[in-house]
Asks: 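Have a look at this one.
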Amino acid sequence: MENMKKILMIPVLPGLVLSSSACSSDSGDTARFSTNRTVKTPEQSRIPDHSDSLMNMKLNIMTDKGVVHARLYDNASAKDFIALLPLTLMLEDFNKTEKIAGLPKGLSTSGAPDGYTPHKGDIAFYAPWGNLCIFYRDFRYSPGLVQLGKTDDDGISKLTTSHSVTISLDTDQ
């Protein structure tokens, strides 16, 4: 019986060694994607990893529930977004976390981090799909996500049930 246990364990051991090495990574705290760009892990990106400050550029997001006010960050993606305004979009719920809508054209990601961890109220551009995202719940680190701005705290609830929005610059700045 003892010899039988030893014989049965021999084929299992190589499989265990291979499976444990396949799950481990020698890249330390960073992950690599096919673009060969280093991406911060979620633990490294809890605080936005950009130094962009909020611009004086304010947005009005018209919903069927009223106006949501937002401010944009001073980055290349947000500046490209401004050039698209005014913009009427049909929003879809995605993952019970965010409202998304396709944009008429992609935005620059020049100087943007490889991704970030979005929070409730964040407005972002998801580069791989070319869509606008407005988060009504916190989410995990997402490669390809670029932060554009942030809604006012009290306004995000107006977006959770809206299907159509018109985004424009606030002319009362």
Side-chain angles (χ1 to χ4, degrees), residues 23-61 63 67-85 87 89-162 165 167-170 173:
C23 295
S24 66
S25 170
D26 61 343
S27 61
D29 291 327
T30 58
R32 292 232 179 245
F33 293 87
S34 61
T35 59
N36 289 329
R37 294 169 55 178
T38 301
V39 178
K40 294 184 180 220
T41 62
E43 293 76 24
Q44 294 170 317
S45 61
R46 297 223 187 275
I47 298 171
D49 43 359
H50 56 75
S51 59
D52 300 329
S53 59
L54 285 170
M55 288 193 275
N56 283 331
M57 202 64 61
K58 295 179 184 175
L59 297 179
N60 288 328
I61 304 172
T63 74
V67 179
V68 177
H69 299 282
R71 303 248 338 242
L72 293 175
Y73 286 99
D74 188 5
N75 62 40
S77 302
K79 289 174 184 171
D80 271 5
F81 182 66
I82 291 168
L84 298 176
L85 302 178
L87 192 59
L89 299 169
M90 295 301 296
L91 299 176
E92 296 177 47
D93 195 76
F94 186 74
N95 204 26
K96 297 181 182 175
T97 303
E98 63 189 278
K99 293 290 188 169
I100 63 170
L103 292 174
K105 70 176 208 166
L107 306 178
S108 170
T109 56
S110 175
D114 292 328
Y116 87 102
T117 303
H119 299 284
K120 179 180 176 180
D122 282 358
I123 301 171
F125 172 63
Y126 186 57
W129 292 355
N131 66 322
L132 181 72
C133 313
I134 305 173
F135 288 86
Y136 59 88
R137 288 198 173 121
D138 291 351
F139 197 61
R140 67 179 176 271
Y141 176 85
S142 302
L145 195 63
V146 179
Q147 190 172 20
L148 299 176
K150 189 146 190 76
T151 63
D152 290 347
D153 289 335
D154 60 343
I156 196 66
S157 63
K158 295 175 187 171
L159 286 165
T160 57
T161 58
S162 296
V165 296
I167 304 172
S168 61
L169 290 174
D170 186 340
Q173 298 186 55

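Only this structure's heavy atoms are used, side chains among them; waters, hydrogens and symmetry mates stay out.
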Asks: Please identify each residue that fulfils side-chain hydrogen bond (donor to acceptor under 3.5 Å, both in side chains) with S162, with sequence neighbours left out.
Replies: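 Here the qualifying residues are D64.
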Asks: Give a yes or no answer on whether the side chain of T117 reaches the backbone of R140 with a donor-acceptor pair at less than 3.5 Å.
Replies: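 Between the backbone of R140 and the side chain of T117 there is no qualifying donor-acceptor contact (under 3.5 Å).
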Asks: Please report the interatomic distance OG1(T63) to NZ(K99), rounded to the nearest 0.5 Å.
Replies: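 It is 10.5 Å, given to the nearest 0.5 Å.
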Asks: What residues form a salt bridge (charged side-chain N to carboxylate O under 4.0 Å, His left out) with K158, not counting sequence neighbours?
Replies: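 With neighbours one apart ignored, the set is empty.
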Asks: Apply side-chain contact (heavy atoms from CB on, under 4.5 Å) to N60 and list each qualifying residue two or more places apart in sequence or on a separate chain.
Replies: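 Per chain and number, N60 pairs via side-chain contact (heavy atoms from CB on, under 4.5 Å) with V67, H69, S168, D170.
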Asks: When rounded to the nearest 0.5 angstrom, what is the spacing between CG in L59 and CG in L72?
Replies: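 So the CG of L59 and the CG of L72 are separated by 4.0 Å.
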Asks: Restricting to ring pair (Phe, Tyr, Trp, His ring centres under 6.0 Å), what partner residues turn up for Y136, sequence neighbours left out?
Replies: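 Y136 satisfies ring pair (Phe, Tyr, Trp, His ring centres under 6.0 Å) with no residue once adjacent residues are dropped.
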Asks: Can you pull out every side chain to side chain donor-acceptor pair (under 3.5 Å) where at least one residue sits in residues 121-131? Sequence neighbours excluded, please.
Replies: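 Applying side chain to side chain donor-acceptor pair (under 3.5 Å) to every pair that reaches into residues 121-131, excluding sequence neighbours, yields Y116-D122, D122-Q147, D122-K150.
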Asks: In Å and rounded to the nearest 0.5 Å, what is the CD1 to CD1 distance from I167 to I123?
Replies: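 So the CD1 of I167 and the CD1 of I123 are separated by 7.0 Å.
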Asks: Using the test side-chain contact (heavy atoms from CB on, under 4.5 Å), find all partners of T97 that sit at least two apart in sequence or belong to another chain.
Replies: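 Applying side-chain contact (heavy atoms from CB on, under 4.5 Å) to T97 gives N95, F135, R137, F139.
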Asks: Taking atom NZ of K120 and atom OG1 of T151, what is their separation to the nearest 0.5 Å?
Replies: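 The OG1 atom of T151 is 8.5 Å from NZ of K120, to the nearest 0.5 Å.
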Asks: Can you tell if the side chain of L148 reaches within under 4.5 Å of the side chain of L107, non-hydrogen atoms only?
Replies: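 Answer yes - side chains close enough.
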Asks: In Å, rounded to the nearest 0.5 Å, how long is the span from OG1 of T160 to CD1 of I134?
Replies: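 T160 OG1 to I134 CD1: 11.5 Å, rounded to 0.5 Å.
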Asks: Rounded to the nearest 0.5 Å, what's the gap from CZ on F81 to CG on L132? Could you check?
Replies: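 The CG atom of L132 is 5.0 Å from CZ of F81, to the nearest 0.5 Å.
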Asks: Could you check whether D152 pairs with R71 (Lys NZ or Arg NE/NH1/NH2 to Asp/Glu carboxylate O, under 4.0 Å)?
Replies: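 Result for this pair is no, no salt bridge flagged.
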Asks: What closest approach, in Å, do S108 and A76 show between heavy atoms, and which atom pair accounts for it?
Replies: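 For S108 versus A76, the nearest heavy atoms are OG-CB, 3.7 Å.
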Asks: If I compare all heavy atoms of V146 with all of S77, which pair ends up nearest, and what's the gap?
Replies: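 Result for this residue pair: CG1-OG, 3.3 Å.
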Asks: Mind checking side-chain contact (heavy atoms from CB on, under 4.5 Å) for P104 and listing every partner two or more places apart, or none if nothing turns up?
Replies: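 P104: side-chain contact (heavy atoms from CB on, under 4.5 Å) contacts with L84, L87.
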